[in-house]
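Here's the structure, in structure tokens; my notes come after.
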Amino acid sequence: FDLMSRNEGRSGWESDEESLDPDEDEEMREQVKPREGITFDDDDVLRLNYRAVVGNFANSRCLRVRIPLDEVVGIRLIGKTSGEESDNGVVLVLEISEKLEANAFVARKVHAKYHRENSFAVVDDWTPNKVASRSSRFYLYGNLTELKQAAALMAKLCPHLAIMLSSSTSESNTLRASASVDYASSSEFINNDNKTEGKPPSKKQKVDVDAAKGYKMSVNDVHQLLVDTNLLSSKAGAERVNPCLKRAILMGHIKIDKSTTKSTVIHTASCCNCGESGLECTIGDAMEQVTYAGLDYEEGGEGAEVKCKDCGSGNYITEICTGNKNYDSGKFHNHCCECDDFGVCIRDYREAHCRHCGEHYFRGNMGFPCPSCGDGKSKDIVTMPPPSPSVWDGMVADAKEVFLTQLKGKNRFEAMMARAMVLGPSVQMGSDMEGPGIASVISQMASHLQDGEEEEGGPDGEGGAEDGECTIM
């Protein structure tokens, strides 16, 4: 279940969101104005308005909470049944037996400039006063159609929920028809042995870290094994061995024992240059193989340990660590040594490890910035503050009238978008705001961006959407 939360500030689509240094030139603080002699008509204002709205949405946060369905002990769909289903406001109430775990809350941005911000990250409970971590009931508000579909999917995934929904008097359902669903009537947790908020993963979820990663032994075990099998005389020497080979041993792709020597063949294939078959690579060759070839492919692979006897070209033994050993000219031989546990092959010599976020990316020969974090410019989702309290209005008397009153402070475009999104995709805008629903609005936006036609009753030239919080989704 998601909550859309807009970031503070009017960053826009292409802003790097960097704050100005207090000591920077005052000219940087002056209001931005069109350059003299540059035409800036209503169409330009309209396009900038569209871009600002899209940018604000793309940089909004999506806050998510995970409710384990196997811990749901009560479920009930409540609402009116008159009129068209899609326009009916209903509530789906879920009651759980245990407190939510600490990793139940995650966040990401909708579609930010940097990839890292678009990936879900575990965060603290983002509800007011962290109430969700202590709640045994969750009230999901929406229209009848979408919540019926949500309940149907839950029933399909969990047979015990299907039984609860099949009868309003089911004894297994703590929210059967006779039970109160008032906020104040929420019961204590059935399994209330864990008194702390954000309980840690249960014992059944705890697994051995090395086993979870697929490791057959520890890093220290690999170094010791190289010494015990007499391939090296000391651990100091073992630490200097090709990390790609050591990673392969760690993962179990290469087996070594007392019978293994430096002459033991671990790979036989054709030369990557001339195609001559039967080219062998030994343990000794792999131990001495460099992890990065760079531009050596242009020199015939002079730095490779394996040389073809027919054509004389060098063959780099690569991807040993993945279990897909193969020969390469060096252009696609690149083993990242910055990663933990002996690193991992990233192939293309132009790929790099970002020292800021740890991701691998295409740096190229020109030194492109990391698209994941912008070389440290991205914001850490985990450290961002929770949504403003203004998003949690709860039960508001005359909510529709209050919402329409708030729209009066917005320009026509923002008001039209907000009204369509909150009141429904097919809502009529009214005499003061004639027009179709959100789908048509988006179509009109696309039309303007393509051919520049002016929309009658468009925005009045104000900036992007106001700061604050978006609608619960």
Side-chain angles (χ1 to χ4, degrees), residues 16-18 58-59 106-123 209-216 218-219 222 239-254 267 272 286-298 301 303-305 314-384:
D16 58 9
E17 301 174 347
E18 293 181 350
N59 281 284
V106 295
R108 70 173 177 85
K109 288 195 176 176
V110 177
H111 189 66
K113 181 177 181 180
Y114 303 118
H115 299 167
R116 188 185 185 191
E117 297 177 352
N118 298 325
S119 299
F120 277 113
V122 176
V123 297
V209 175
D210 285 344
K213 292 181 179 180
Y215 298 168
K216 303 303 180 182
S218 69
V219 170
V222 172
E239 290 176 356
R240 295 190 293 271
V241 168
N242 176 12
C244 188
L245 174 63
K246 291 191 289 187
R247 171 80 176 187
I249 298 172
L250 181 71
M251 299 297 293
H253 300 312
I254 297 293
H267 184 62
C272 64
M287 290 172 63
E288 300 297 327
Q289 180 69 75
V290 296
T291 57
Y292 179 73
L295 296 174
D296 190 42
Y297 69 94
E298 295 183 348
E305 291 298 320
N315 286 250
Y316 286 90
I317 179 69
T318 190
E319 288 195 87
I320 314 173
C321 62
T322 67
N324 299 314
K325 302 182 294 293
N326 63 89
Y327 289 135
D328 187 80
S329 64
K331 185 174 184 179
F332 294 97
H333 174 61
N334 183 3
H335 184 89
C336 175
C337 298
E338 299 295 326
C339 290
D340 295 334
D341 304 327
F342 302 130
V344 62
C345 275
I346 54 178
R347 292 186 57 76
D348 196 319
Y349 77 99
R350 294 163 294 186
E351 290 282 317
H353 179 104
C354 178
R355 61 186 178 87
H356 299 283
C357 67
E359 296 290 332
H360 297 135
Y361 70 102
F362 183 79
R363 183 174 58 188
N365 294 324
M366 302 299 293
F368 296 129
C370 172
S372 180
C373 71
D375 285 349
K377 291 183 179 180
S378 67
K379 291 185 177 180
D380 188 352
I381 297 292
V382 176
T383 60
M384 293 181 70

Are side-chain heavy atoms of [X] and [Y] found at a separation under 4.5 Å?
| X | Y | value |
| --- | --- | --- |
| Cys339 | His360 | yes |
| Cys345 | Asn334 | no |
| Asp328 | Asn315 | no |
| Arg247 | Val222 | no |
| His335 | Cys321 | yes |

Inset, instruction - Just do the side chain to side chain donor-acceptor pair (under 3.5 Å) check on His333 and Thr318 with the steps written out, would you? - result: CA-CA 6 Å; His333 174 61; Thr318 190; 2.9 Å; yes

Legend entry - Centroid separation Phe332 to Tyr316 less than 6.0 Å: no

Inset, instruction - Check whether the ring centres of His353 and Tyr361 lie less than 6.0 Å apart, and answer yes or no. - result: no

Legend entry - Enclosure of Arg350 CZ (heavy-atom neighbours >12, cutoff 6.0 Å): yes

Atom pair [atom1] ([X]) and [atom2] ([Y]), whose distance is rounded to the nearest 0.5 Å:
| X | Y | atom1 | atom2 | value |
| --- | --- | --- | --- | --- |
| Lys109 | Ser119 | NZ | OG | 12.5 Å |
| Ser372 | Arg116 | OG | CZ | 6.5 Å |
| Lys377 | Cys357 | NZ | SG | 14.0 Å |

Inset, instruction - Compute both the distance and the angle, then confirm whether Arg108 meets the cation-pi test with Phe120: under 6.0 Å from the six-membered ring centre, within 45 degrees of the axis. - result: yes

Inset, instruction - Please check if any side-chain donor atom of Glu319 sits under 3.5 Å from a side-chain acceptor atom of Asn326, or the reverse. - result: yes

Legend entry - For Gln289, the option from Ile320, Asn242, Leu245 that meets side-chain contact (heavy atoms from CB on, under 4.5 Å): Asn242

